[in-house]
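This report refers to the structure that appears directly beneath it.
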Amino acid sequence: MNQWIDACATDEIDEEDLIRFDHGGRTYAIYHSPEGKFYCTDGLCSHEQVHLADGLVMGHLIECPKHNGQFDYRTGEAKRAPVCVNLRTYPVKVEGGRILIEVA
Amino acid sequence: MARRDYSLLGPDAKRAVETGLAAAEWYHTEVPRKDMKALMQRSDGPAIRDTILWLGGMVLFAGIGIALWPSWWSAPFWLAYGVLYGSASDSRWHECSHGTAFKTPWMNDWVYNIASFMILRNPVTWRWSHARHHTDTYIVGRDPEIAIMRPPVFAKLVLNFFGILDAWNGWGRMLLNASGRLDPEEATFVPDSEKPKVVSVARIWVVIYAATIGLALWMGSILPLMVIGLPRLYGAWHHVMTGLLQHGGLADNVIDHRLNSRTVFMNPISRFIYWNMNYHVEHHMFPMVPYHALPKLHAMIKHDLPAPNRSIAEGFAEMWPALKRQLRYEDYFLKRELPPTARPYREDFHRSALGEAGATAAE
Ligand code: FES
């Protein structure tokens, strides 16, 4: 069953940046876009399971720190080799300055 | 350790996967996120400037070489052109394959494709090969880009200063790929979806070479080949010289780049040709940092790294005797001292990854 999880405060993530969030044995990446919106994807790169939280957010792209593969973190779409498999994304909402993500 | 088998399909490849050496988690120096973000920032300025200098220099030197042809006075201009074609292309290929040279993606891709042609590396195949080199740097049986295998074959190293084996191999692969096939080792790291692209690029290259050879035959002169093709041989020496220093004589089968990579301070001309890849430990630890920010990264983490060699000559003076020793003792490698401010090498890390044999090798 899906549930909303309180992940962090909005001011914990700089604009155009991301943080790692671990919950229930899984790891997620939560992003703060340049226009102030928040997004959530799986935290590990689909290429070789590296934490995306050490990567670089450029606009709406997250670049993986290991081989510079890129994803659009709004849709999870793989954008630059060597990543070929899309990232899973998760719904996000903001309530009272807190970021909540909906996970299974 | 038994004799190394560098085949990507052999027993060492299998062993690396079984022992967890393949795709392992590597050591990183701690850098605050704020500083790392600043270092990773992309910009077009430095690479546009360097690309104008690079391609502009090629046009200038080739122009003078052609004007003075066939006089011997043209030779120094061909040598300069050759280094920009046969060596600077190596570092451009490399940096653009990471996508870090320019901020604008099409600029990275454009330079990547031109440089790949010059250095004779299929841009599709080698993107994957280089990803593997970063995942499994100098892990025997996994890394397809090990420049010096043990025991070293010196004749091979010397021939490569003139691009002989390397370029031959590149032309052979080009023809193989153009015929619609991939080498079985390439097929281990290139995904199926990318294979048609490998073939299309190879076919375009064959057309360019065929046109160049046709022109040379029509003119009854090797001049066209002096511009396209041959500089991969007569200009290769600089990238081989700098490339051997990257990992030569150091450890293999470890998961700490301080043990298997070498940073060497170099003169500004070599740094321009090599695009700062002389900061090689830094590059492997943090491949997201663009070439122009590597000196800054070095300053930030040097307390945790072995002291760099102070010149190319010093690097060779350290490496060459070690390679000679590896002729007789394949397991020998240079273990470079860390400064007292550094976090020590994790011997246990390597023991768990490699078993007892690896623990002794790292000592
Ligand atoms: S692990 Fe992310 S691009 Fe390779």
Side-chain angles (χ1 to χ4, degrees), chain A residues 7-22 26-34 42-75 77-87, chain B residues 22-26 28-43 94-106 108-109 112 123-137 142 189-194 197-198 283-290 293:
Chain A
C8 59
T10 49
D11 59 8
E12 280 177 56
I13 318 176
D14 290 343
E15 214 163 83
E16 217 170 355
D17 202 7
L18 79 163
I19 61 160
R20 169 179 167 179
F21 172 65
D22 295 335
R26 289 187 69 94
T27 181
Y28 303 89
I30 305 178
Y31 307 82
H32 191 169
S33 75
D42 270 336
L44 297 175
C45 179
S46 61
H47 178 226
E48 284 183 2
Q49 309 295 302
V50 166
H51 282 285
L52 292 168
D54 295 325
L56 180 67
V57 175
M58 291 177 284
H60 296 122
L61 295 174
I62 170 66
E63 186 168 295
C64 172
K66 187 73 183 177
H67 309 110
N68 312 76
Q70 293 180 341
F71 302 92
D72 184 328
Y73 57 79
R74 297 170 301 176
T75 59
E77 192 189 346
K79 288 289 207 185
R80 180 178 192 277
V83 298
C84 302
V85 177
N86 296 347
L87 280 180
Chain B
E25 195 164 329
W26 287 68
H28 287 104
T29 302
E30 297 290 340
V31 178
R33 172 81 185 153
K34 198 170 124 283
D35 295 332
M36 187 41 68
K37 258 172 69 185
L39 286 166
M40 290 190 295
Q41 287 313 312
R42 304 291 150 76
S43 75
H94 171 263
E95 188 71 5
C96 294
S97 82
H98 283 282
T100 42
F102 297 88
K103 182 175 181 161
T104 309
W106 70 260
N108 267 312
D109 291 342
Y112 180 64
V124 185
T125 311
W126 280 77
R127 199 186 280 286
W128 295 92
S129 142
H130 198 62
R132 177 71 79 81
H133 173 62
H134 272 268
T135 303
D136 294 326
T137 313
R142 293 285 300 172
F189 52 78
V190 179
D192 289 343
S193 59
E194 298 284 294
K197 289 189 210 158
V198 174
H283 166 67
H284 267 281
M285 246 191 219
F286 300 106
M288 302 270 294
V289 175

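Throughout, protein chains are lettered first and strands after them, A, B, ... in sequence-line order, and every chain is numbered starting at 1. What's counted below: heavy atoms across the whole structure, side chains too, no hydrogens, waters or symmetry copies.
For the set B/Arg42, B/His134, B/His130, the entry with the most heavy-atom pairs within less than 4.5 Å of chain A is B/Arg42. Annotation: maximal heavy-atom pairing with chain A below 4.5 Å, among B/Met36, B/Glu194, B/Arg33, B/Lys103, occurs at B/Arg33.
With a threshold of 4.5 angstrom between heavy atoms, A/Cys84 approaches chain B through side-chain atoms but not through N, CA, C or O. With a threshold of 4.5 angstrom between heavy atoms, B/Thr100 approaches chain A through side-chain atoms but not through N, CA, C or O.
A/Glu16 CD to B/Lys37 NZ: the interatomic distance, rounded to the nearest 0.5 Å, is 8.0 Å.
A distance below 6.0 Å separates the ring centres of B/His283 and B/His94.
For the residue pair A/Glu63 and A/Asn68, a side-chain donor N or O sits within less than 3.5 Å of a side-chain acceptor on the partner.
B/His28 and B/Phe286 have tilted rings, their planes meeting at an angle from 30° to 60° on a 0 to 90° scale.
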